[in-house]
Amino acid sequence: MAFKGLDYYDLDELLSEEDRMVRDMTRDWVSDAVMPIIDEAYENAVFPRHLVPQIGELGLLGANLPEEYGCAGMGPTAYGIICQELERGDSGLRSFVSVQGSLVMWPIFAYGSEEQKRRWLPEMAKGNKIGCFGLTEPDHGSDPGGMITNAKKDGADWILNGAKMWITNGTIADVAVVWAQTEDGIQGFLVEAGTPGFTAPEQKRKYSLRASVTSELVFDDVRVPDSARFPNVKGLKGPLGCLSQARYGIAWGAIGAAMACYDEALQYTLGREQFGKPLAGFQLIQAKLAEMVTEITKAQLICWRLAKLKEAGKIRPQHVSLAKRNNVAMALDIARVARDMLGANGITAEYQCMRHMCNLESVYTYEGTHSIHTLILGQDVTGIAAFE
Amino acid sequence: MKIVVCVKRVPSTDSRIKIAADGTSLDTSSIEWILSPYDEFALETALRIKDAATDTEVVVLCLGPSDATKELRTCLALGADRAIHLEDDGASRHDAQVTSGLLAEAIAAEAPELVLCGKLAADSDQGQVGLLLSYRLGFPCVTEARELTAADGKVTAKRAAGGGTSEIWELPLPALVTITKGEHEPRYASLKGIMAAKKKPIDASDVSAPAETLRVTLMELPAERQAGRIVGEGAEAVGELVRLLREEAKVI
């Protein structure tokens with residue numbers, strides 16, 4: 001049975017024909033290429049790298065960047081829908097695409113030199129080159145402005161020292177976008193794999209995002225030329241701008257994970273009989289399903305409106321915080337409830353909900369923790385920052 | 001080379017089929033529509049010829065209701081150059097004579113070198129239209145080709161024949177070939193393809209069909225499957241199972 005996403009309010013009507021085609025194509029591809037292999041990849045903690053060239057060929061990497069750099073030039077809605085459909089498969093896969101597209105290709109496009117764009121964007125769009133994004137440090141997570149990784153001018157070059165942590169794609173990346181303190185404030189650098197002094201050991205033993213690579217980045221007197229520096233941004237607004245892009249996609253992605261869990265819980269409870277009738281016929285189950293349908297529909301409406309704000313150039317980072325905060329918490333709740341509804345079967349790799357649940361624990365924390373987004377909203381409505 | 005691919009919009013193969021109140025058609029209220037899977041193979045075959053020879057023009061032709069624009073747009077996103085849509089909300093009721101007559105007229109106006117059809121449409125399962133088209137157009141025809149290549153003014157078709165053998169046929173052009181599932185899975189529309197499809201033309205026109213000579217008088221759903229039965233457990237049940245399969249079910 002082909003996967004059908006929940007669409008309780010006929011939101012399809014709000015999508016353009018083109019956005020619906022993007023959704024159908026991505027959904028079909030996820031059903032054909034991802035679903036058959038993802039449970040094993042997750043169990044074995046292997047990133048399904050063989051999918052990367054396919055993802056590139058479909059045009060899903062940097063889909064919202066312009067065609068002149070080998071990208072698809074799609075709008076924000078299509079980009080969001082892509083994230084939603086990929087995360088219906090697995091948050092790890094969506095994380096790969098978010099990092100490549102929003103955290104590496106986007107800053108190269110927005111902050112990079114023409115030479116940097118021409119060199120990296122077409123190859124990254126095809127999936128021939130993989131990128132990672134180094135902002136978070138072992139001792140600076142929610143407080144990135146306190147980072148200790150630094151870059152010092154040495155003649156025409158820069159010398160980088162420091163370490164980053166929790167970096168998706170790090171070990172498999174051909175290039176890292178690295179944010180470092182300089183005399184002129186925080187600046188971004190493109191550091192290529194293999195540069196002497198730069199290593200990216202993988203962080204193992206995760207119980208979450210197991211089908212995704214997470215790494216440390218270590219910089220020990222790493223020398224890069226000035227042409228590796230982003231010329232067009234200085235200060236914390238550089239990395240925060242990237243995060244707004246990625247968080248936008250995550251807000252959509254969470255809906256995909258939630259729809260997968262809802263669909264699984266619905267099918268399961270319709271099919272399994274206890275006390276002589278389907279579980280779905282019991283009030284406690286129906287209450288859970290009704291709650292899921294309601295929360296997913298609300299999340300969809302948030303994202304649809306967020307896309308419109310983004311299209312119109314009226315989006316603020318706080319709008320994105322609201323969506324990321326709400327939708328990821330919503331998806332995590334739904335995954336946990338679905339796990340409960342599946343009983344003992346819910347804990348096995350035969351079903352998806354526990355994988356989604358474990359993944360979403362990371363999504364809840366990364367790209368601005370749930371708490372930090374709460375405080376961003378709190379600051380926005382009161383004018384008082386609680387975290388400064 | 002110009003290739004016309006005939007495509008049809010059919011109910012998704014996992015739709016829950018219900019018969020309408022008239023007893024002779026499907027209740028379409030809860031049906032999801034797709035491109036007929038064999039037509040997808042036919043289009044993929046045409047697109048592979050185009051991949052190899054970029055001066056190939058692939059035109060998709062559809063006789064169907066106005067809603068079938070969605071399926072045509074998908075064909076354009078996959079790589080077809082343009083589409084012709086013969087709009088006819090009663091298309092699903094036509095017999096194959098009527099359907100092939102309307103398609104043949106449109107194909108003749110295009111004067112293609114090659115016409116491809118799926119071996120049958122996944123809704124009616126008849127497989128008549130391709131053959132009738134070849135007769136009407138006067139084109140040589142090979143049915144159920146698994147693979148097709150074009151070179152030097154002819155096409156080479158490979159089809160499965162009896163006893164696991166394969167036949168290779170050479171057809172002079174113009175020709176018509178019906179396509180079945182072969183080695184090549186249909187491609188996915190890429191984002192670039194979807195963007196490009198917006199700018200490709202769909203030439204839509206209303207057609208008025210002549211009266212059918214044949215019509216479906218009644219549709220029936222298959223009988224409910226009966227519940228299974230356990231004939232015993234373990235090795236000692238094998239004898240009884242074999243006896244029932246032979247004497248009652250008569251399948252061995």
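In what follows, chains carry the letters A, B, and so on, assigned in the order in which the sequence lines appear, proteins first and then strands, with residues in each chain numbered from 1.
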To the nearest 0.5 Å, tell me how far [X] [atom1] sits from [Y] [atom2].
X	Y	atom1	atom2	result
A:M74	B:I194	CE	CD1	6.0 Å
A:M21	B:M195	CE	CE	11.5 Å
A:E18	B:L191	CD	CG	8.5 Å
A:R20	B:R73	CZ	CZ	11.5 Å
A:E57	B:K192	CD	NZ	10.0 Å

In short, A:D32 meets B:Y188 closest at the heavy-atom pair OD2-OH, 2.6 Å
Is it the side chain or the backbone of A:E17 that comes within 4.5 Å of chain B heavy atoms, both, or neither?
-> side chain
More than 12 heavy atoms from other groups under 6.0 Å of [atom1] on [X]:
X	atom1	answer
B:K158	NZ	no
A:E114	CD	yes
A:E311	CD	yes

Most contacts with chain A, counted as non-hydrogen pairs under 4.5 angstrom, among B:A197, B:G193, B:S190, B:S12 = B:S190
Are there residues of residues 35-72 of chain B that reach to under 4.5 Å of chain A by heavy atoms, and which ones?
-> B:T69, B:K70
Do B:T74 and A:D24 come close enough that some side-chain heavy atom pair is under 4.5 Å?
-> no
Answer whether the closest heavy-atom distance between the side chains of B:D14 and A:K4 falls below 4.5 Å.
-> yes
Below 4.5 Å from any heavy atom of chain A, which atoms of B:E185 appear? Answer side chain, backbone, both or neither.
-> neither
What residues form a side-chain contact (heavy atoms from CB on, under 4.5 Å) with A:D39, not counting sequence neighbours?
-> none
